[in-house]
K.L.:
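I have a structure I would like to understand better, so I am pasting it below and will then ask my questions one at a time.
The structure presented is a predicted model; accordingly, all values stated were derived computationally and were not measured.
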Amino acid sequence: MTVLWADQALLPDGWARNVRVEIDGEGRIAEVARDVAPEGERHAILLPAPANLHSHAFQRAMAGLTERRGPDPRDTFWTWRQLMFRFLDRLTPEDVEAIAAFVQMEMLEAGYACNVEFHYLHHAPGGVPYADQAEMSARIAAAAVQSGIGLTLLPVHYQFGGCDGRALGPGQARFGTDPEGFARLHEAAGAAIAHLPADTVLGVAPHSLRAVSPEGLRAVTALGAGPIHMHLAEQVAEVEEVQAAWGARPVDWLLANAQVDPRWCLIHCTQMQPDETRALAATGAVAGLCPITESSLGDGIFDGVRWCEAGGRLGIGSDSNIRIALSEELRTLDYSQRLRDRTRAALARPEASTGRVLYDAACGGGAQAAGRAAGAIAPGLWADLLALDGAALDLMGRSGDTLLDSWIFAGDDRMVRDVWAAGRHLVRAGRHHAGDAIRAGYAATLRRLRDAL
Ligand code: NGQ
Ligand code: ZN
């Protein structure tokens with residue numbers, strides 16, 4: 001049993017002072033009391049730590065390598081994607097493990113307690129399955145053992161090169177599964193994470209409507225009871241391709257053909273019409289937003305104002321991992337709305353500041369999308385916690401929602417002092433406990449990949 005005590009803490013019914021949080025031996029919150037005398041480990045500002053709901057870990061190692069123009073007159077998502085395919089063709093299982101451990105460490109140091117890994121790099125170069133078909137899943141699991149982060153693993157079904165059912169391109173060979181093969185891989189991935197802590201979750205991810213058939217989507221979403229994630233409506237060309245092949249825009253098609261419910265998390269959704277936004281919000285599914293990557297890839301702007309007015313749930317992911325920064329993701333989300341609408345405090349409500357609305361949404365939606373009993377400081381939930389630095393000048397003398405606003409809009413993740421994932425105290429004084437070893441492993445991989453792009 002561990003006892004934490006905080007001057008200020010964000011509880012489900014709002015801010016409280018002099019808060020004692022008891023964590024049991026399994027890593028769950030056992031008891032929360034307010035207005036009590038200091039006891040145990042003392043912290044200034046205690047928050048629930050959200051899940052990072054969307055990541056492709058391997059892409060972290062190509063951050064900064066795709067900012068030049070190629071021969072194509074227009075650099076876009078699609079040219080970036082070609083570079084990404086080229087890059088991943090060099091990666092070995094050892095590389096993937098080292099990169100994933102580094103990504104998870106950075107996520108923890110940024111304040112995330114869980115990594116929802118949308119994992120599609122299954123096979124050896126050329127598409128040959130590894131002797132253990134879940135080799136790469138096992139590498140993600142090994143990284144999670146090293147970093148200690150909560151893991152929700154989403155093995156990805158990726159069958160086709162486009163909506164017309166064309167074969168995978170050479171750059172996609174390492175992802176390929178047919179529905180039967182995917183069912184076996186999914187089972188093997190479950191076995192590969194069986195030895196991880198009890199907060200580990202297995203879900204499923206049909207990659208996108210470009211990469212699965214309607215039958216494949218049905219088959220794959222019937223596997224298990226975990227979360228279901230899919231990329232949806234990210235790019236204009238993607239919407240047009242789906243419309244041409246399947247007779248409806250992606251959101252319309254999905255709502256008409258799948259039982260979309262709170263188990264679902266739709267990633268990006270940057271290309272939705274107002275009626276699609278309202279209809280998808282009403283399902284209770286989470287919109288998985290990745291504002292830094294969506295900015296980087298020129299995806300467009302999610303209609304957050306309308307989504308939130310419709311009661312939609314949302315959470316934050318770091319997707320391409322070009323930069324892992326929790327406060328910056330939240331800030332970028334609101335700034336994108338402001339730039340489009342020429343407003344301020346776009347997602348704030350009369351009773352809650354912008355920072356508070358964003359943070360509550362990320363904690364609630366992140367936990368839902370991760371299939372994780374977490375997202376608040378409340379008994380029975382996993383102790384996914386984050387302590388901010390009470391001595392940071394931008395936080396000094398501040399209280400309540402202003403703390404969140406100051407962290408998210410004036411500060412950055414250097415204000416994150418301590419992070420716990422399911423009670424595992426992994427970050428202290430801003431540093432991950434195994435950071436040196438994890439950085440060294442990542443550096444070795446980077447040296448090997450130096451000339452990859
Ligand atoms: C992915 N990323 O799966 O990594 C995709 C690119 C694709 C984003 N959509 C590949 N941001 O969509 O085909
Ligand atoms: Zn993605």
Side-chain angles (χ1 to χ4, degrees), residues 10 12 27-29 46-57 100 103-119 140-141 143-144 147-154 193 196-205 226-230 262-268 284-293 312-319 321 324-330 333 358-378 380-387 404 408 413 416 418-424 426-427 432:
L10 181 57
R28 291 181 198 270
I29 298 169
L46 199 62
L47 307 171
N52 182 317
L53 59 62
H54 189 69
S55 156
H56 313 290
V103 161
Q104 293 167 0
M105 180 203 74
E106 286 194 311
M107 287 179 181
L108 286 161
E109 289 185 350
Y112 297 108
C114 169
N115 162 208
V116 181
E117 185 63 18
F118 195 106
H119 170 58
I140 304 287
S147 74
I149 204 165
L151 179 66
T152 291
L153 182 66
L154 307 175
I193 60 172
L196 266 62
D199 57 300
T200 311
V201 171
L202 181 70
V204 73
I228 303 168
H229 288 218
M230 184 168 75
R263 271 178 73 198
W264 286 70
C265 176
L266 289 320
I267 310 299
H268 304 306
V286 176
L289 309 180
C290 310
I292 295 176
T293 294
R313 303 176 193 179
L314 63 86
I316 294 293
S318 53
D319 193 5
N321 296 312
I324 297 175
L326 170 56
S327 54
E328 187 172 320
E329 295 283 6
L330 297 169
L333 173 56
L358 291 166
Y359 203 73
D360 280 353
C363 288
Q368 179 181 324
R372 188 171 173 87
I377 304 181
L381 300 183
W382 293 116
D384 287 356
L385 302 169
L386 177 168
L404 294 170
I408 294 167
D413 297 341
V416 174
D418 291 83
V419 178
W420 296 257
R424 300 181 289 275
L426 302 165
V427 175
H432 187 277

K.L.:
Would you compute the distance between atom CG of Leu46 and atom CD1 of Ile377 and round it to the nearest 0.5 angstrom?
P.N.:
4.0 Å
K.L.:
Please confirm whether the backbone N or O of Val427 pairs with a side-chain atom of Glu109, one donor and one acceptor, at under 3.5 Å?
P.N.:
no
K.L.:
I need the Cys290 SG to Leu53 CG distance, nearest 0.5 Å.
P.N.:
6.5 Å
K.L.:
I'd like to know if the side chain of Glu117 and the backbone of Leu151 have a donor-acceptor N/O pair within less than 3.5 Å.
P.N.:
no
K.L.:
For Leu289, does its backbone N or O pair with a side-chain atom of His54 as donor and acceptor, under 3.5 Å?
P.N.:
no
K.L.:
Taking Ser318's backbone N and O only, do any of them form a donor-acceptor pair with Asn52's side chain (distance below 3.5 Å, no angle check)?
P.N.:
yes
K.L.:
Can you tell me how far apart CD1 (Ile408) and CG (Leu330) are? Round to the nearest 0.5 Å.
P.N.:
4.5 Å
K.L.:
What I'd like to find out is whether the side chain of Arg372 reaches to under 4.5 Å of the side chain of Val116, using heavy atoms alone.
P.N.:
no
K.L.:
Mind checking whether Arg313 and Pro262 have side chains closer than 4.5 Å, heavy atoms only?
P.N.:
yes
K.L.:
Tell me whether His432 contacts the main-chain N or O of Ser147 through its side chain, where contact means a donor paired with an acceptor under 3.5 Å.
P.N.:
yes
K.L.:
Checking the side chain of Asp413 only, and the main-chain atoms of Leu326 only, is there a donor and an acceptor separated by less than 3.5 Å?
P.N.:
yes
K.L.:
So how far is it from Asn321 CG to Thr293 OG1, rounded to the nearest 0.5 Å?
P.N.:
6.5 Å
K.L.:
Return the CD1 to CG distance between Ile228 and Leu154, rounded to the nearest 0.5 Å.
P.N.:
10.5 Å
K.L.:
Is there side-chain contact between Leu196 and Leu153, with at least one heavy-atom pair below 4.5 Å?
P.N.:
no
K.L.:
Hey, does Asp319 have a side-chain heavy atom less than 4.5 Å from the side chain of His56?
P.N.:
yes
K.L.:
Decide side-chain contact (heavy atoms from CB on, under 4.5 Å) for Asp199 and Arg424; before the verdict, give the C-alpha distance in whole Å, the side-chain angles of both, and the deciding distance to 0.1 Å.
P.N.:
CA-CA 11 Å; Asp199 57 300; Arg424 300 181 289 275; 3.0 Å; yes
K.L.:
Could you tell me whether a side-chain N or O of His229 sits under 3.5 Å from a main-chain N or O of Ile267, the two making a donor and an acceptor?
P.N.:
no
K.L.:
Identify the two heavy atoms, one from Val419 and one from Tyr112, that lie closest to each other, and give their separation to 0.1 Å.
P.N.:
CG1-O, 4.0 Å
K.L.:
Distance-only, no hydrogens or angles: does the Asp384 side chain make a donor-acceptor pair with backbone N or O of Gly375 under 3.5 Å?
P.N.:
no
